[in-house]
Visitor: 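Supplied in structure tokens, the structure appears directly below.
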Amino acid sequence: MKNEIAILLEQAIRSLPEFSDAPEIASVHATVERTRDSRHGDFTTNIAMRLAKSVGRNPREIAQSVIAATPGSELIDKIEIAGPGFINFHVSPAAFNRELAHVLRDGENYGRQATRTTPRILLEFVSANPTGPLHVGHGRHASYGATLGNLLEAAGYVVDREYYVNDAGRQMDILGISVLLRMLEARGDTIQFPEAGYKGEYIREIAAAITEDISKLVASDLFGNLPEGDKEEIISGLIEGAESMLGTDEFGRIRRQSLESILDDIKDDLSGFGVVFDRWFSEQSLTDDNLIDDALAVLKKRNMLYQKDGATWFRAADFGDEKDRVVVRENGKKTYFASDIAYHYGKRERGYDHLIDILGSDHHGYIARVRAGLQSMGYAADCLEVELVQFVTLYRAGEKMQMSTRSGEFVTLRQLREEVGNDAARFFYVMRSNDQHLDFDMELAKSRSNENPVYYIQYAHARVASVFRQLAEKSLEYEQPRGVAAFDKLTETHEKALMSSLTRYPEIIELAANNRAPQHLVHYLRDLANDLHSYYNAHQFIVDDHDLRNARLALIDATRAVIASGLGIIGVSAPDAM
RNA sequence: GCGCCCGUAGCUCAAUCGGAUAGAGCACUGGCCUUCUAAGCCAGAUGUUGCAGGUUCGAGUCCUGCCGGGCGCGCCA
């Protein structure tokens, strides 16, 4: 609907020679928006004020000539000039009726844009380290990422969802030794669990399930040969000791089984949360497939690397980073940053045009250097987009909870899901802008779940389903074509409001997708549910008038479809009964 | 110290490349179930948009400075 208005407007402006050189002409489409006040009509544009700047003429005069040049259309009842030069469009009832018929025809596909082949988008999110179960902070990333993926698809983009598994490096050794020590403990050996190890209870559960033979290892030998030092040196000593006493292969198997156990748990948790990935990308595979070397070779070829203090540096500062970064350490080991460059390089090499990373706000410092990496390899700086998600602070009974994986003291996503339910959790997580901090009070979410806005929206959906059940009980039939033919009878204020809201849905999808802002959809659904509830209370749907009854049923049927579609994008169920 | 993000009603938050009178929920008060689910509806109050300047037809939104909060500034991952 908005699109049609924009096309008419663009035709009008292009037909006027005095604006042919104005730069604003390219963005006419984007200036058309819904009015906030129905007295201003249904759609408005500020294009006259924008043109006034570059052409140097009175905006109201410009508006006048634009209106005069606008082709006649059955879509529009009247066009008015208001205020400093707004052009307001009043849409005809017939046009709303026609659009409502579209909603019914498309059902839950209404508002979805046709698929476009470019750009191909890779959406990476969660990517939590596989060293423990997901906690409530990851839940926000999962909900936001999954919803954004759905939104982008609804807006017509081709999106692949990817989880980057940090299965390489020191943290895997720490995981391995943590599990091994719990195995020794379970066997009856006396151990002193290191401060830097993963202390969570889940480590004991993993240890209990591992069948690797560790009879070669004696706890007293292991602890007897520990170096003096801080907690990092102590755990390094334990890892080295275990590898030499038990064997590198044996320790490697324990490490791998621990990783698989945790990864299985994460996958199960996420799929249970309705969050699915197209690919789980292993960091270790970067090394195995020589991708890091390939990426470094590209950088070297482009003269982006140099040697200093025995290390290899990347000229990140040449591309906007605050300083150059090490990619190969003095000891010959590649840095994590080298993996990151290679990973993002690989994403582009796999054919993705646009990369979206959803990261915690504590990672903001790393954006510039990864972007520098891509840029230095010849990719456009804006092919990498990073959406930062602010922290979740969890409160239980008004008390702040700690969230440290290493200490093992945290509330898991699984616990949260069990306590408040998937629907409420998915909804709450995307209710507010991702750049706002989120306070999540468990007790509040549980004890007041009836006041949860998600139920308000679900209830609207269930109410419509209930009306259709009542219809069947009265042995009446819903005749949709007859209803569509009788849309002229929908003249009540509540009906007009509902129709207007329904036809906004495609615009909301576009808005929420383009701004990476699912909360737009959440607020829209709340408003739509409100329209339905108000209508429900003000008017009877199952009335004697055959035509009016079917017209009203068609209207709420369309509403049901849009609510179901919107909730589906957020990952929330649309129940027929509550 | 430098960098990024945030600051809007009592509380939690919205506000569509800058747009018309800054909006919702919660909480509070009163009213509405013999008719399709009262997890609902209707009516009612609240703002120096942290502070001070600037840009312009127009600023919560953009720019500068300051105040307050969060996060980040490794040859860690």
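Note that the structure is a prediction, hence the values are computed from the model and not measured. Lettering of chains follows the sequences in order, A, B, ..., and the numbering in each one begins at 1.
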Visitor: Classify the ring geometry between A:Y535 and A:F541 as parallel (under 30°), tilted (30 to 60°) or perpendicular (over 60°).
Guide: tilted
Visitor: Using the glycosidic torsion, which applies to B:C33: syn (within 90° of 0) or anti (everything else)?
Guide: syn
Visitor: Measure the distance from CG on A:D362 to C1' on B:C73 and round it to the nearest whole Å.
Guide: 13 Å
Visitor: Is the distance from OP1 or OP2 of B:U12 to the nearest side-chain N or O of A:Q436 less than 4.0 Å?
Guide: no
Visitor: Should the pair A:H437 and A:F391 be assigned to parallel (<30°), tilted (30 to 60°) or perpendicular (>60°) ring geometry?
Guide: perpendicular
Visitor: Between the base of B:C71 and the side chain of A:H364, is one N or O donor paired with an acceptor at under 3.5 angstrom?
Guide: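 Answer yes: a donor N or O sits under 3.5 Å from an acceptor.
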Visitor: What I want to check is whether an N or O donor and acceptor connect the side chain of A:N88 with the base of B:A20 at under 3.5 Å.
Guide: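 When only heavy-atom distances are counted, A:N88 does reach the base of B:A20 through a donor-acceptor pair under 3.5 Å.
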Visitor: Using a 4.0 Å heavy-atom cut-off, does A:R325 contact any base of the nucleic acid, only the sugar-phosphate backbone, or nothing at all?
Guide: nothing
Visitor: Which word best sums up how the rings of A:H539 and A:H494 line up, parallel for under 30°, tilted for 30 to 60°, or perpendicular for over 60°?
Guide: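 Perpendicular, since the angle between the ring planes exceeds 60°.
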Visitor: For RNA chain B, whose closest nucleotide is more 5', that of A:D435 or that of A:T44?
Guide: A:D435
Visitor: Just checking A:Y336: base, sugar-phosphate only, or nothing, at a heavy-atom cut-off of under 4.0 Å?
Guide: base
Visitor: Does the ring of A:F86 meet both stacking tests against the six-membered base ring of B:A20: centre distance under 5.5 Å and plane angle under 30°?
Guide: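 Yes, A:F86 stacks on the base of B:A20, since the ring centres sit under 5.5 Å apart and the planes are within 30°.
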Visitor: Would you check if A:H523 stacks with the base of B:A24, given a 5.5 Å centroid limit and a 30° plane limit, both strict?
Guide: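 Here the ring of A:H523 and the base of B:A24 are not stacked, as the 5.5 Å and 30° limits are not both satisfied.
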Visitor: Can you find an N or O donor on one side and an acceptor on the other, under 3.5 Å apart, linking the side chain of A:R39 with the base of B:U21?
Guide: yes
Visitor: At 4.0 Å (heavy atoms only), tell me whether A:A517 reaches a base, stays on the sugar-phosphate, or touches nothing.
Guide: nothing
Visitor: Hey, does the side chain of A:R463 come within less than 4.0 Å of B:A38's phosphate (OP1/OP2), counting only N and O?
Guide: yes
Visitor: Has the side chain of A:K323 got a donor or acceptor that lies under 3.5 Å from a partner of the other kind on the base of B:G3?
Guide: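 In this structure, the two groups form no donor-acceptor pair.
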Visitor: Given B:G40, is OP1 or OP2 found less than 4.0 Å from the side-chain N or O atoms of A:S534?
Guide: no
Visitor: Check whether any side-chain N or O of A:Y456 sits under 4.0 Å from OP1 or OP2 of B:C41, and answer yes or no.
Guide: yes
Visitor: Check this for me: does any side-chain nitrogen of one of A:R39 and A:E80 sit under 4.0 Å from a carboxylate oxygen of the other?
Guide: no
Visitor: Both atom distances under 3.5 Å, Watson-Crick or G-U wobble: I'd like the secondary structure of RNA chain B as a dot-bracket string, with | for pairs made across strands.
Guide: (((((((..((((.....[...)))).(((((.......))))).....(((((..]....))))))))))))....
Visitor: Measuring to OP1 and OP2 of B:A20, would you say a side-chain N or O of A:R34 lies under 4.0 angstrom away?
Guide: no
